[in-house]
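These values consider heavy atoms only, across backbone and side chains, with no hydrogens, waters or symmetry-generated copies.
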Amino acid sequence: FVLGYLYGYDTPGDDVVKKARYAEVQDLAGKFRESCGSIVCREILNNPPTDPTPCPRTAEYYAQRPCARMVKTAADLMDEFIANHPLEG
């Protein structure tokens, strides 16, 4: 989302830029996958897809959740991307 917001394009027919953005998104997703094991939240959390029962939301529950670490990982990857691709203007 951030990559598209900062580096998006406004010419729908510009397939060259579109292809470049798509490759960059795929690259960032791949780096996240390498770091975290997946880009799918359910897989990162090891939640079976057939269990619809939510866990009680306790302090212990949140202490085990890697969500904040995953957000930091994504932010670090985006920060590195921005550093390597300075915004114009």
If every non-hydrogen atom of Ala29 is compared with every non-hydrogen atom of Ile39, which pair is closest and at what distance? O-CG2, 3.5 Å
Is the CD atom of Glu60 crowded by more than 12 outside heavy atoms at less than 6.0 Å? no
Partners meeting side-chain contact (heavy atoms from CB on, under 4.5 Å) with Lys18 (sequence neighbours left out): Tyr9, Asp15
Quick check: does any side chain N or O of Thr11 sit under 3.5 Å from a backbone N or O of Asp14, one acting as donor and the other as acceptor? no
Lys72 side, atom NZ; Leu77 side, atom CG - distance, nearest 0.5 Å: 10.0 Å
Which heavy-atom pair separates Ile82 from Tyr7 by the least distance, and what is that distance? CA-OH, 3.5 Å
Could you grab the distance from atom CG of Asn46 to atom OG of Ser38, nearest 0.5 Å is fine? 10.0 Å
Using the salt bridge (charged side-chain N to carboxylate O under 4.0 Å, His left out) criterion, which residues pair with Lys31? Sequence neighbours excluded. Asp27
SG (Cys67) and CG (Leu45) are apart, to the nearest 0.5 Å, by 5.5 Å
Heavy-atom pair with the smallest gap, counting every atom of Pro56 and Tyr61: O-CB, 3.5 Å
Would Tyr62 and Met70 show up in the same hydrophobic cluster when neighbours are defined by side-chain heavy atoms closer than 4.5 Å? no
For Arg69, give me all partners under side-chain hydrogen bond (donor to acceptor under 3.5 Å, both in side chains), at least two apart in sequence or on another chain. none
Enter the distance from Leu6:CG to Met78:CE here, rounded to the nearest 0.5 Å. 6.0 Å
Determine, using the 4.5 Å side-chain heavy-atom cutoff (strictly less than), whether Val40 and Val71 are members of one ILVMFWY cluster. no
Could you give the distance from CZ (Arg21) to CD (Gln26), rounded to the nearest 0.5 Å? 13.5 Å
Heavy-atom side-chain contact between Leu28 and Leu3 under 4.5 Å: yes
Side chain to side chain, Tyr22 and Lys19, heavy atoms closer than 4.5 Å: no
Given Phe32 and Asp76, is the side chain to side chain contact (heavy atoms under 4.5 Å, CB included) satisfied, shown in steps? CA-CA 10 Å; Phe32 186 89; Asp76 289 345; over 6 Å; no
Locate the shortest heavy-atom distance separating Ile44 from Pro66; write the atom from each residue and the value. CG2-CG, 4.0 Å
